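I have placed the structure first, in the form of structure tokens, so that the comments after it can refer back to it.
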Amino acid sequence: AWGKYCKCKPGWDGIWCDKCEDGLVPNLKGDKCVDPCEDNGECPDGTTCTPSKFPPYYRKCRPSGGCAPIDQQGNCNDNEICRAGMNGEVNECKCEDPFEECAGGCQCPDGTIQDGNNCMPVDCTDDCDCQGENEQCNNNKCECQDGFYKDGNGECKDPCDGNDCKNGECIATGSDSFQCDCETRWEEAKCDVCPE
């Protein structure tokens with residue numbers, strides 16, 4: 001029995017402290033054991049070299065899978081960004097600010113609506129200046145009033161305009177369709193036939 005043994009510095013292993021612990025390699029100087037990707041080496045199979053999420057932002061071989069590249073959309077869905085996993089966990093897609101997780105996707109928080117890559121506050125006062133006839137303000141957008149439709153020029157039109165019901169009342173039945181509610185004894189599409 002020797003009675004003496006070596007107490008290895010962090011990262012070193014072996015009876016004489018001359019080998020790196022599993023998963024580590026000697027740095028270029030050979031004076032300490034590091035994660036392979038910290039010294040521009042290659043990560044072992046099944047791992048990927050990614051920076052840590054918090055300072056000092058050192059690179060480390062982490063389990064493969066999840067997303068890449070870190071802090072970019074990469075292979076994440078809309079409104080998501082790739083975030084580094086904690087404590088060796090796999091990187092994962094997370095909702096990017098200001099979006100929030102909801103039913104497996106990312107959406108704007110309550111009280112806001114999506115405008116491109118941002119969430120804009122919803123102005124509940126419906127304070128829009130609708131210039132067109134038969135328009136109304138709805139969620140800060142000018143839209144046609146019920147019973148009207150936008151024609152090819154973007155104007156709100158009544159489907160009954162120019163579609164006279166001779167002996168009855170015109171009723172809008174869709175965005176640009178109508179029907180005539182005929183008075184008693186009158187028939188046909190425009191209530192213009194009186195059967196004998």
Side-chain angles (χ1 to χ4, degrees), residues 46 48 50-51 53-54 62-87 89-196:
T48 306
T50 56
K53 188 173 182 180
F54 301 104
R62 301 177 194 281
S64 294
C67 58
I70 300 299
D71 293 330
Q72 295 180 34
Q73 187 174 16
N75 55 342
C76 295
N77 294 322
D78 288 343
N79 307 324
E80 289 182 334
I81 193 165
C82 187
R83 297 290 185 202
M86 300 296 293
N87 300 321
E89 295 290 319
V90 173
N91 301 335
E92 58 185 340
C93 296
K94 294 284 189 181
C95 293
E96 185 173 15
D97 285 342
F99 299 96
E100 295 178 346
E101 183 77 28
C102 181
C106 298
Q107 68 180 27
C108 288
D110 289 341
T112 63
I113 56 172
Q114 185 167 350
D115 182 16
N117 291 330
N118 293 310
C119 295
M120 305 301 290
V122 174
D123 182 1
C124 295
T125 61
D126 274 344
D127 188 25
C128 45
D129 185 20
C130 300
Q131 301 292 321
E133 191 176 338
N134 304 318
E135 285 186 332
Q136 65 185 9
C137 190
N138 186 12
N139 287 331
N140 292 315
K141 291 182 182 176
C142 292
E143 297 177 351
C144 293
Q145 296 174 4
D146 289 342
F148 294 85
Y149 72 97
K150 279 210 191 270
D151 67 5
N153 297 323
E155 296 177 7
C156 293
K157 297 290 186 179
D158 183 343
C160 289
D161 283 352
N163 296 312
D164 295 333
C165 296
K166 301 271 187 219
N167 297 291
E169 180 184 358
C170 181
I171 299 170
T173 58
S175 64
D176 62 352
S177 59
F178 73 97
Q179 74 179 35
C180 291
D181 184 17
C182 299
E183 295 173 4
T184 306
R185 295 185 17 197
W186 291 96
E187 295 179 353
E188 298 297 324
K190 291 197 174 188
C191 305
D192 55 356
V193 174
C194 181
E196 293 183 20

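Computed from heavy atoms alone, side chains included, the values below leave out hydrogens, waters and symmetry copies. Predicted model only: the values in this text are computed from it and were never measured.
With values rounded to the nearest 0.5 angstrom, Asp151 atom CG is found 10.5 Å from Asp161 atom CG. Rounding to the nearest 0.5 angstrom, the gap separating the CD atom in Gln107 from the CD atom in Glu100 is 8.0 Å. Rounded to the nearest 0.5 angstrom, Glu187 CD and Asn167 CG are separated by 12.0 Å. With rounding to the nearest 0.5 Å, the separation of CG in Asn134 from OH in Tyr149 is 11.5 Å.
Of all heavy-atom pairs between Asp181 and Ile171, the closest is CB-CD1, 3.7 Å. The minimum heavy-atom distance linking Gln145 with Glu135 is given by the pair NE2-O, 3.4 Å.
Among residues two or more places apart in sequence or in another chain, the side-chain contact (heavy atoms from CB on, under 4.5 Å) test is passed with Cys95 by Phe99, Glu101, Cys106.
A side-chain donor-acceptor contact under 3.5 Å links Asp158 to the backbone of Cys160.
Less than 2.5 Å separates the SG atom of Cys156 from that of Cys144. A disulfide bridge does not connect Cys165 to Cys191: their SG atoms sit 2.5 Å or farther from one another.
Dense packing is recorded around NZ of Lys190, with more than 12 heavy atoms of other residues, nucleotides or ligands lying under 6.0 Å away.
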task = Take Cys82 and Cys93 through the disulfide bond (SG atoms under 2.5 Å apart) test and state the conclusion after the steps.
result = CA-CA 4 Å; Cys82 187; Cys93 296; 5.6 Å; no
